[in-house]
Amino acid sequence: MASRNPTLLVLALVLTLTACATGGSSPSVMPTPSVSATASPTAVPAPTYPANVSDHPEFSPLEVETYFIEPVGPGVRVFYTIPAEGWTGWIGALKWGPATDPPDSVVGMSIVNATNVVQHGCTAHAAADPPVGPTVDDMAAALAALAPFILTKPPSDVMVDGFSGKHLELTVPDLAVQVTGDGTAFTDCTDGELKSWIAPPLSYAFHGYAHPGQVEEFWLLDIDGTRLLIEAIRSPASSEGDLAELRSILDSIDIVP
C-alpha cells in the first residue's frame, strides 16, 4: 500500500490518492477530481479532499463524502466514506434509529487506540488495574472476558486492509432496562450505565449501550507495532438499510500508516 505524507502539497496528496493501490479487505474510495489540461483556470472545478472528522462537532451531521481520523496521532490515518445522509460525527460515525424504534436504537462505528477496559461493565466502572497490556492479544482477551457481556464470537485471526489482528463479538445480556426522559437506563447497573472499553480522546469509558441484544464487533489490528481498534455496534431493531450503510462504511476503510 502506498503511504501518504501529510506534509506534501495538497495537489500531490490528491495525485497520490488517485494512484494508491490498497490491499486486504478494505478498498480505498478516495474522491478524484477531474482536471483538464486545456481548461482555463476559472473552468477547473475545485477538488474535494477528505476531511478530518475530528474537526466536526460531536454528533453534527456528516456529508456524503470521505473522512479520516488519526486515532493514534498523525502517524496513522484511517479513511472511510459516509454512503448516505443521516450519519453524525463521532470518533467514527453514528446513525440513530427512527422514532418508531426503541429509544436510543443506533448503528455506528468507532476507530480508536483502546488502552484499557473497565473492571466490570455493569457494577465496577473504574479502569482495570493493572491495565490491559499493549498487544492485540492482550486487548482481545480483556474484551472477551469482560462481564457481563456475552462473548458470541471468540477472538479469531483476521486481516483488514493488509494488517493482521483479531476479531471478536460481544452481545449485551438480558439486563433490566427502564425508559427515562433521557433515553434508557440499565436499572441494575451503577448509574444506569453499561460500560466497556477506554480510549482517548474520550474522557470516559464507552457506554453506548441501550438495549439487551445489542451486538458489538471488534477488529483489533497491529499497525506496525501500534494497536488499532475498529468497533461497530448495532441494535436489535436496526433496519437492513442502516446495516447495509454500516457495512459500506466498514468496507471503505483504508488504513494509511
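Keep in mind that the numbers below use all heavy atoms, side chains included, and drop hydrogens, waters and symmetry copies.
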Quick one: side chains of residues 136-143, donor-acceptor pairs under 3.5 Å with protein atoms, not counting sequence neighbours, listed by atom name and distance.
from: D138; atom 1: OD1; to: T135; atom 2: OG1; distance (Å): 3.4
from: D138; atom 1: OD2; to: T135; atom 2: N; distance (Å): 3.1
from: D138; atom 1: OD2; to: T135; atom 2: OG1; distance (Å): 3.0

Run the numbers on K166 and D157 for side chain to side chain contact (heavy atoms under 4.5 Å, CB included), then give the verdict.
CA-CA 5 Å; K166 295 289 185 180; D157 293 337; 2.6 Å; yes
What distance do L175 atom CG and H211 atom NE2 have between them, rounded to the nearest 0.5 Å?
13.0 Å
Which distance, rounded to the nearest 0.5 Å, do you find between the CZ of F186 and the NE2 of H207?
12.0 Å
For a side chain to side chain contact (heavy atoms under 4.5 Å, CB included) check, start with the C-alpha distance between L220 and L228, then their side-chain angles and the critical distance, and finish with the verdict.
CA-CA 6 Å; L220 288 151; L228 178 70; over 6 Å; no
For the residue pair L62 and T88, establish whether any side-chain heavy-atom pair is separated by less than 4.5 Å.
no
Does E85, at its CD atom, have more than 12 non-hydrogen atoms belonging to other residues, nucleotides or ligands within less than 6.0 Å?
no
Could you check whether any side-chain heavy atom of F79 comes within less than 4.5 Å of a side-chain heavy atom of I253, counting everything from C-beta outward?
no
L194 vs F149 side-chain heavy atoms within contact, under 4.5 Å:
yes
Shared hydrophobic cluster for V172 and L151 (ILVMFWY, side-chain gaps under 4.5 Å)
yes
Taking the side chain as C-beta and beyond, is there a heavy-atom pair between P154 and L168 under 4.5 Å?
no
Kindly state each residue pair satisfying disulfide (SG to SG under 2.5 Å) with at least one member in residues 69-115, sequence neighbours excluded.
none
The criterion is side chain to side chain contact (heavy atoms under 4.5 Å, CB included); which residues satisfy it with S60, sequence neighbours excluded?
H56, P57
Measuring only between side-chain heavy atoms, which start at C-beta, is I82 closer than 4.5 Å to E63?
no
Quick check: do F218 and L229 have side-chain heavy atoms less than 4.5 Å from each other?
yes
Report whether Y80 and L250 are members of the same hydrophobic cluster (ILVMFWY, side-chain heavy atoms less than 4.5 Å apart, transitive linking).
yes
Cut-off 3.5 Å, side chains only: do Y209 and S196 have a donor facing an acceptor?
yes
Run the numbers on D254 and V78 for side chain to side chain contact (heavy atoms under 4.5 Å, CB included), then give the verdict.
CA-CA 6 Å; D254 184 18; V78 182; over 6 Å; no
Are I150 and I233 co-members of a hydrophobic cluster defined by side-chain heavy atoms under 4.5 Å apart?
no
Assess, by modelled atom type and distance only, whether the side chains of W197 and E216 contain a donor and an acceptor separated by less than 3.5 Å.
yes
Could you tell me whether D55 atom CG has more than 12 heavy atoms of other residues or ligands within 6.0 Å of it?
yes
Taking only Lys NZ, Arg NE, NH1 and NH2, and the carboxylate oxygens of Asp or Glu, determine whether R227 and D222 approach each other closer than 4.0 Å.
no
Donor-acceptor check, side chain of N116 to backbone of A127, threshold 3.5 angstrom: yes or no?
no
Among residues at least two apart in sequence or on other chains, which ones pass side chain to side chain contact (heavy atoms under 4.5 Å, CB included) with T115?
I198, P200
Hey, could you give me each pair passing disulfide (SG to SG under 2.5 Å) that has a residue in residues 123-152? Not counting sequence neighbours.
none
Answer whether the closest heavy-atom distance between the side chains of P201 and I91 falls below 4.5 Å.
yes
May I have all residue pairs that pass side-chain hydrogen bond (donor to acceptor under 3.5 Å, both in side chains) and include part of residues 122-134, sequence neighbours excluded?
H120-T123
Among residues at least two apart in sequence or on other chains, which ones pass side chain to side chain contact (heavy atoms under 4.5 Å, CB included) with T226?
V72
I need the minimum non-hydrogen distance between Q214 and G208, along with the two atoms involved.
NE2-O, 4.0 Å
Qualifying residues under ring-ring contact (aromatic ring centres under 6.0 Å, His included), relative to W219, sequence neighbours excluded
H167
Any heavy-atom pair between the side chains of V177 and P212 that's under 4.5 Å?
yes
Mind checking what makes side chain to side chain contact (heavy atoms under 4.5 Å, CB included) contact with T187, not counting sequence neighbours?
A176, Q178
Strictly by disulfide (SG to SG under 2.5 Å), give each pair with a member in residues 106-158 just once, sequence neighbours left out.
C122-C189
Quick one: side-chain hydrogen bond (donor to acceptor under 3.5 Å, both in side chains) partners of T190, sequence neighbours excluded?
none
Donor-acceptor pairs under 3.5 Å, side chain of residues 105-113 to any protein atom, not counting sequence neighbours: which ones?
from: S110; atom 1: OG; to: W90; atom 2: NE1; distance (Å): 2.7
from: S110; atom 1: OG; to: E231; atom 2: OE1; distance (Å): 3.1

N52 vs Y67, side chain to side chain contact (heavy atoms under 4.5 Å, CB included): CA-CA, chis, key distance, verdict
CA-CA 6 Å; N52 189 338; Y67 293 85; over 6 Å; no
